Amino acid sequence: MSPSKALPLRFYRRPTELVARELIGRYIVREFEGDRLVLRIVETEAYLGAPDRASHAWGGRRTARNESLYLPGGHAYVYFIYGMHFCLNVVTEGADLGSAVLIRAGEPVAGEERMLALRGLSRARPGDVAGGPGRLCKALGINRSDDGVRFDRGALKIVEGEPPSADEIAAGPRVGIDYAADAVAWPLRFAIRGNLHVSRPRL
DNA sequence: CGGAAGATCCACT
DNA sequence: GTGGATCTTCCGA
């Protein structure tokens, strides 16, 4: 079934837009209280750091909240937003740049029953479990205690998969960043074309 | 020190 | 389509 070989740190230490594209089709493997939860990544967004108005690292902003965003590629940046949701990012490139990829949606591969329970649902249509960054974190039991962990080992890994071909990946503007001036329209959102687990608005 | 806004989600009309 | 939930963070005064 799903492969178990974690991506090496060097995978992440490349241009952010490329990493965002190439994370599509990989698997997030989460060990949570004895359960193995697996999601296939179907949607990502690239955040480029200081030059990117939509990035938490815009203009070099650096605070206690986003400190882990400045770790070297391959670490997690988990932040709390809107008073109730967590979002999961994969730090990219080298240390101190503040570039990262937001994991926006995943397709359940294993442990779906447990993920449903974590989401507080009894049944779900495609996309309900992990279609959206807040839902995805809730389905995997991710919170601030996962901030700064490595993705190549431990209880929150990203492993190899079967990345779709380039023509199966759609690109478009990122979600929820209307304030981001010139960066509003940058096509840094990536998703598997036609996949039902992609968040709204669908690409 | 106060206010505003946020890389969201859900329920309701 | 609209607004409310809920709270941390940030910036301006």
Side-chain angles (χ1 to χ4, degrees), chain A residues 12 16-17 19-21 23-24 28 39 41-71 73 75-93 97-108 115-148 151 156 158 170-191 196-203:
Chain A
Y12 305 99
T16 304
E17 183 175 346
V19 175
R21 279 184 173 278
L23 276 173
I24 303 285
I28 301 177
L39 286 178
I41 299 172
V42 299
E43 180 184 357
T44 62
E45 282 179 357
Y47 287 82
L48 306 183
D52 183 355
R53 185 75 173 72
S55 169
H56 289 176
W58 176 58
R61 281 168 173 68
R62 187 164 182 161
T63 65
R65 176 207 196 196
N66 68 9
E67 188 58 35
S68 60
L69 184 51
Y70 291 91
L71 291 168
H75 287 81
Y77 167 46
V78 178
Y79 65 88
F80 188 58
I81 192 70
Y82 295 122
M84 56 180 73
H85 301 294
F86 292 99
C87 291
L88 175 67
N89 291 258
V90 180
V91 179
T92 61
E93 307 195 42
L97 294 176
S99 53
V101 172
L102 172 69
I103 308 298
R104 282 198 60 89
E107 175 175 351
M115 291 192 268
L116 273 174
L118 282 163
R119 287 273 291 111
L121 304 171
S122 51
R123 22 183 309 173
R125 305 178 50 125
D128 285 352
V129 174
R135 291 168 164 182
L136 183 145
C137 283
K138 195 165 184 190
L140 294 180
I142 289 172
N143 58 47
R144 267 240 125 185
S145 69
D146 298 294
D147 188 46
F151 282 111
L156 182 59
I158 298 178
R174 294 169 292 180
V175 177
I177 57 152
D178 292 345
Y179 58 87
D182 57 312
V184 164
W186 295 354
L188 295 178
R189 180 188 186 202
F190 304 100
L196 294 175
H197 297 82
V198 170
S199 69
R200 298 177 191 249
R202 300 269 284 288
L203 264 174

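Chain letters run A, B, ... following the sequence lines, proteins first and then strands; every chain starts at 1. Because the structure is a prediction, the values reported are computed rather than measured.
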Which nucleotide, B:dA7, C:dC11, C:dT8, lies nearest any side-chain atom of A:Tyr77? B:dA7

Atom pair distance, as rounded to whole Å: CG in A:Leu69 and C1' in B:dA7: 12 Å

Has A:Arg61 got a side-chain atom pairing as donor or acceptor with A:Ala57's backbone, closer than 3.5 angstrom? no

Taking only Lys NZ, Arg NE, NH1 and NH2, and the carboxylate oxygens of Asp or Glu, determine whether A:Glu45 and A:Arg104 approach each other closer than 4.0 Å. yes

A:Arg135 CZ to B:dA11 C1', in whole Å, measures 12 Å

Go through B:dA7, B:dT8, B:dC10 for me and flag the one nearest to the A:Arg119 side chain. B:dC10

Euclidean distance, atom CZ of residue A:Arg144 to atom P of C:dT6 [Å, nearest integer]: 21 Å

A:Thr63 side chain: which of C:dT9, B:dA7, C:dC11 is closest? C:dT9

Mind checking A:Gly83 for me? I need base, sugar-phosphate or nothing, with any heavy atom below 4.0 Å counting as a touch. base

Specify the separation, in whole Å, of atom CG of A:Asn66 and atom C1' of C:dT9. 10 Å

Are A:Tyr79 and B:dA7 stacked, counting the six-membered base ring, centres under 5.5 Å, planes under 30°? no

Does the ring of A:Phe80 carry A:Arg65 above it, NZ/CZ under 6.0 angstrom from centre and within 45° of its axis? no

Within less than 4.0 Å of OP1 or OP2 of B:dC9, is there a side-chain N or O belonging to A:Arg200? no

Whole angstroms only, please: what is the CG-P distance between A:Leu121 and B:dC9? 13 Å

Are a donor atom and an acceptor atom from the side chains of A:Tyr12 and A:His75 found within less than 3.5 Å of each other? no

Taking any strand in view, what nucleotide pairs with C:dT6 in a Watson-Crick or G-U wobble way, both distances under 3.5 Å? none

Looking at every non-hydrogen atom in both residues, tell me the closest pair between A:Ser199 and A:Arg189 and how far apart they are. O-NH2, 3.1 Å

Using whole Å, report how far NE2 of A:His85 lies from C1' of C:dA5. 8 Å

Base, sugar-phosphate, or nothing for A:Ser199, non-hydrogen atoms under 4.0 angstrom? nothing

Assign A:Arg65 to base, sugar-phosphate, or nothing according to its heavy-atom contacts below 4.0 angstrom with the strands shown. sugar-phosphate

Does A:Tyr82 contact B:dA5 through a side-chain donor or acceptor facing the base, at a distance under 3.5 Å? no

Quick one: is A:Arg104 getting a side-chain N or O under 4.0 Å of the B:dT8 phosphate, OP1 or OP2? yes

Of the non-hydrogen atoms in A:Ala139 and A:Met115, which two are nearest, and what is the gap between them? O-CG, 3.3 Å

Closest to the 5' end of DNA chain C, once A:Arg62 and A:Ile81 are matched to their nearest nucleotides, is A:Ile81

Between C:dT6, B:dA7, B:dC10, which nucleotide gets closest to the side-chain atoms of A:Tyr179? B:dA7

Value in whole Å for how far the P atom of B:dT8 lies from CG of A:Leu102: 8 Å

Over how many whole Å does the gap from A:Arg174 atom CZ to B:dT8 atom P extend? 12 Å

Once you apply the 3.5 Å cut-off to both distances, tell me the Watson-Crick or G-U wobble partner of B:dA7, or none. none

